[in-house]
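This report refers to the structure that appears directly beneath it.
Every chain is numbered from 1 and lettered A, B, ... according to where its sequence line falls, protein lines coming before strand lines.
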There are 2 protein chains.
Amino acid sequence: MAVVKSVDVLTEQFRAKGLKVTPQRQSIFRALSSSRVHPTAESVYAAVSSEMPTISLRTVYQTLNDLAAMGELSTLDVGTGSTRFDPNLEPHHHLVCDECGSIEDLHADFPGVAVPTGGEAGGFEVTGTEIVFRGCCASCVAGRPSQQHNTGGARAHG
Amino acid sequence: MAVVKSVDVLTEQFRAKGLKVTPQRQSIFRALSSSRVHPTAESVYAAVSSEMPTISLRTVYQTLNDLAAMGELSTLDVGTGSTRFDPNLEPHHHLVCDECGSIEDLHADFPGVAVPTGGEAGGFEVTGTEIVFRGCCASCVAGRPSQQHNTGGARAHG
DNA sequence: AGGTTGATCAACAACGATTGTTGATCAGCA
DNA sequence: TGCTGATCAACAATCGTTGTTGATCAACCT
Ligand SMILES: [Mn+2]
Ligand SMILES: [Mn+2]
Ligand SMILES: [Zn+2]
Ligand SMILES: [Zn+2]
């Protein structure tokens, strides 16, 4: 359940790179370390703004990009228009709700998932595998107009 | 190896929906049915422009969106800035080259890939599963400065 | 403690991808 | 042939993101 490195560790990393540790950056560190929701730059901005109203969106983008460049954050693109930032450094996959746009983590590994050698895609050198499950999250399912339970017929792949 | 439906079939579908079958649309149909490269709107525009120089980018977007809305085309977002259109209607997965940006199809199914019930993501209703392998395509690997063969050490997940 | 130097700010402009709009012209199809 | 939607050019506008500028500030090293 480890997320982004602690505020202290990030502080160290910034210092080591000759980057100053400013209150803005610390505030962003804090916002990230207490977040499990794959925030956008805007939403980090909103969170940080509440305790530091003068921070600029520009600074938020800047710091998020710094963190991503340092590998302390990864970026996600699920087709919702804006980039999501993922403070969870562990290898994992994602469940994207088509209804509310939420993104949940799935900590599972699928050992069978690999590119078959010599086939259609022979010679492709894999460095990373991302699985995205699309569908409807539990809370959106719960909020639906009541209807007969229909447990069958979910097609794989859309 | 079936790709987008034939030009004739798409023609029928458009007529059935009360949409007119114009030379522009037919040209776009043709460009798609002979494409295996997950083109962007711009690249479809470029292809069609060569045989129909007066077509507008606006019309290309319009038709691609129509096709996507009809389910005759799917859209892909791999974080390269622009939407890729996929004329391949069969369920499949993708290999994205981080070097040249190419996207190859992988026609394989991974029966083990499913959201574990009752765990971290209990209650999520899956409607589609997309697997993206990131790495380096065969031709980019081939074009590298010669070095010792290193066949080990590909980490899964980045 | 003080000076150097990078960080931040406001206030913009600019970008690329995509969509909206308008009015005029054109052409598919019944 | 006529109705009506499609297309066109030529824009403007949107959204997310990055660039720029000059002024101010403050983290950090000595
Ligand atoms: Mn995640
Ligand atoms: Mn494909
Ligand atoms: Zn939901
Ligand atoms: Zn490549």
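Judged as a salt bridge (charged side-chain N to carboxylate O under 4.0 Å, His left out), not a single pair has a partner in residues 103-118 of chain A (not counting sequence neighbours). Note on residues 42-62 of chain A: pairs passing salt bridge (charged side-chain N to carboxylate O under 4.0 Å, His left out), not counting sequence neighbours, are A:Arg30-A:Glu51. Among residue pairs with one or both ends in residues 111-131 of chain A, none qualify as ring pair (Phe, Tyr, Trp, His ring centres under 6.0 Å); sequence neighbours excluded.
Remark on DNA chain C: of its neighbouring residues B:Arg58 and A:Arg58, the 5'-side contact belongs to A:Arg58, judged by nearest-heavy-atom nucleotide.
For the OP1/OP2 pair of D:dT17 and a distance below 4.0 Å, the side-chain nitrogens and oxygens of A:Tyr61 include at least one atom meeting the criterion. Between A:Thr83 and D:dT17 there is a side-chain N or O to OP1 or OP2 distance below 4.0 Å.
Using a distance-only test at 3.5 Å, with no hydrogens or angles considered, a donor-acceptor pair links the side chain of A:Glu120 to the main chain of B:His107.
Between the NZ atom of A:Lys17 and the P atom of D:dC28 there is a distance of 16 Å, given to the nearest Å. What separates CZ of B:Arg84 from C1' of C:dT18 is a distance of 16 Å, to the nearest Å. Straight-line distance from the CG atom of B:Leu57 to the P atom of D:dC8: 10 Å, rounded to whole Å. Atom CD of B:Gln62 is separated from atom C1' of C:dT19 by 9 Å (rounded to the nearest Å). Counting to the nearest Å, the P atom of C:dT8 and the CD atom of A:Gln26 are 11 Å from each other. The distance from atom CG of A:Asp66 to atom P of D:dT17 is 16 Å, rounded to the nearest whole Å. What separates CE of B:Met52 from P of D:dC8 is a distance of 8 Å, to the nearest Å. B:Gln24 places its CD atom 12 Å from the C1' atom of D:dG5, with the value rounded to the nearest Å.
For B:Ala138, there are no side-chain contact (heavy atoms from CB on, under 4.5 Å) partners at least two apart in sequence or on another chain. By the side chain to side chain donor-acceptor pair (under 3.5 Å) test, A:Ser43 is found to be paired with no residue, residues two or more places apart in sequence or in another chain being considered. In this view, B:Ala114 satisfies the side-chain contact (heavy atoms from CB on, under 4.5 Å) rule with no residue, not counting sequence neighbours.
Listed nucleotides: C:dA17, D:dG16, C:dC9. Nearest to the side chain of A:Ser82: D:dG16.
In the hydrophobic clustering (ILVMFWY side chains linked at under 4.5 Å, chained through shared members), B:Val78 is joined by B:Leu76, B:Val96, B:Ile103, B:Val132.
Contacts between residues 39-51 of chain B and DNA chain D, counted as heavy-atom distances below 4.0 Å, involve no residue at all.
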Pairs under 3.5 angstrom only: tabulate donor-acceptor contacts from the side chains of residues 18-25 of chain B to other protein residues two or more places apart or in another chain.
from	atom 1	to	atom 2	distance (Å)
B:Thr22	OG1	B:Gln24	OE1	3.4
B:Thr22	OG1	B:Arg25	N	3.2
B:Arg25	NH1	B:Lys20	O	2.8

If you look only at distance, which donor and acceptor atoms sit under 3.5 Å apart when one is on a side chain in residues 64-71 of chain A and the other is two or more places apart or in another chain?
from	atom 1	to	atom 2	distance (Å)
A:Asn65	ND2	A:Tyr61	O	3.3

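Nearest heavy atom pair, residue B:Leu57 against residue B:Tyr45, reads N-CE1, 3.4 Å. The two atoms that bring A:Ser33 and A:Val7 nearest to each other are OG-CG2, 4.2 Å, heavy atoms only.
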Check nucleotides 23-29 of chain C against the protein and report each pair of N or O atoms closer than 3.5 Å, with its distance, or say if there are none.
from	atom 1	to	atom 2	distance (Å)
C:dC29	OP1	B:Arg15	NE	2.7
C:dC29	OP1	B:Arg15	NH2	3.4
C:dC29	OP1	B:Val21	N	3.0
C:dC29	OP2	B:Arg15	NH2	3.0

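One axis for each end of the helix from C:dA1-D:dT30 to C:dA30-D:dT1, each built from five base pairs, and the angle between them comes to 50° at 10° resolution.
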